Amino acid sequence: MGWFILLVLLVGAVAAYKFRVPLIAKLTGQPQHRIQRAIERRKNNKS
């Protein structure tokens, strides 16, 4: 049973990462394109 819970949490984390832009946009009330630009800016600044 513990492995099943761990698997569900892992799948949930992967799904949240994959759909992070719509999730963040919904939580913050910001447009999706604004969130996407902010993520891209952070990626470019780290390089």
Side-chain angles (χ1 to χ4, degrees):
M1 184 67 173
W3 288 105
F4 181 72
I5 293 171
L6 183 64
L7 180 65
V8 168
L9 288 175
L10 185 64
V11 168
V14 169
Y17 181 77
K18 182 155 180 66
F19 298 109
R20 67 189 177 277
V21 172
L23 286 173
I24 294 171
K26 188 168 292 221
L27 289 173
T28 61
Q30 301 280 342
Q32 286 187 17
H33 62 86
R34 186 171 179 178
I35 303 295
Q36 186 65 42
R37 280 197 327 252
I39 290 173
E40 290 299 320
R41 259 195 318 254
R42 292 188 73 184
K43 282 183 185 177
N44 291 337
N45 286 342
K46 286 185 179 182
S47 301

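Remember, predicted model here, so these are calculated numbers, not experimental data.
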Q | Value rounded to 0.5 Å, distance of CD1 in Ile35 from CG in Leu27 | A | 9.5 Å
Q) Of Leu9, Leu7, Val8, which meets side chain to side chain contact (heavy atoms under 4.5 Å, CB included) against Ile5? A) Leu9
Q: Mind jotting down which residue pairs meet the side chain to side chain donor-acceptor pair (under 3.5 Å) criterion with at least one end in residues 21-38? Sequence neighbours excluded, please.
A: Gln30-Arg34, His33-Arg37, Gln36-Glu40
Q) Do you know the tightest heavy-atom contact between Ala25 and Pro31? A) CB-C, 4.3 Å
If you look only at distance, which donor and acceptor atoms sit under 3.5 Å apart when one is on a side chain in residues 12-24 and the other is two or more places apart or in another chain?
residue	atom	partner	partner atom	Å
Arg20	NH1	Tyr17	O	2.9

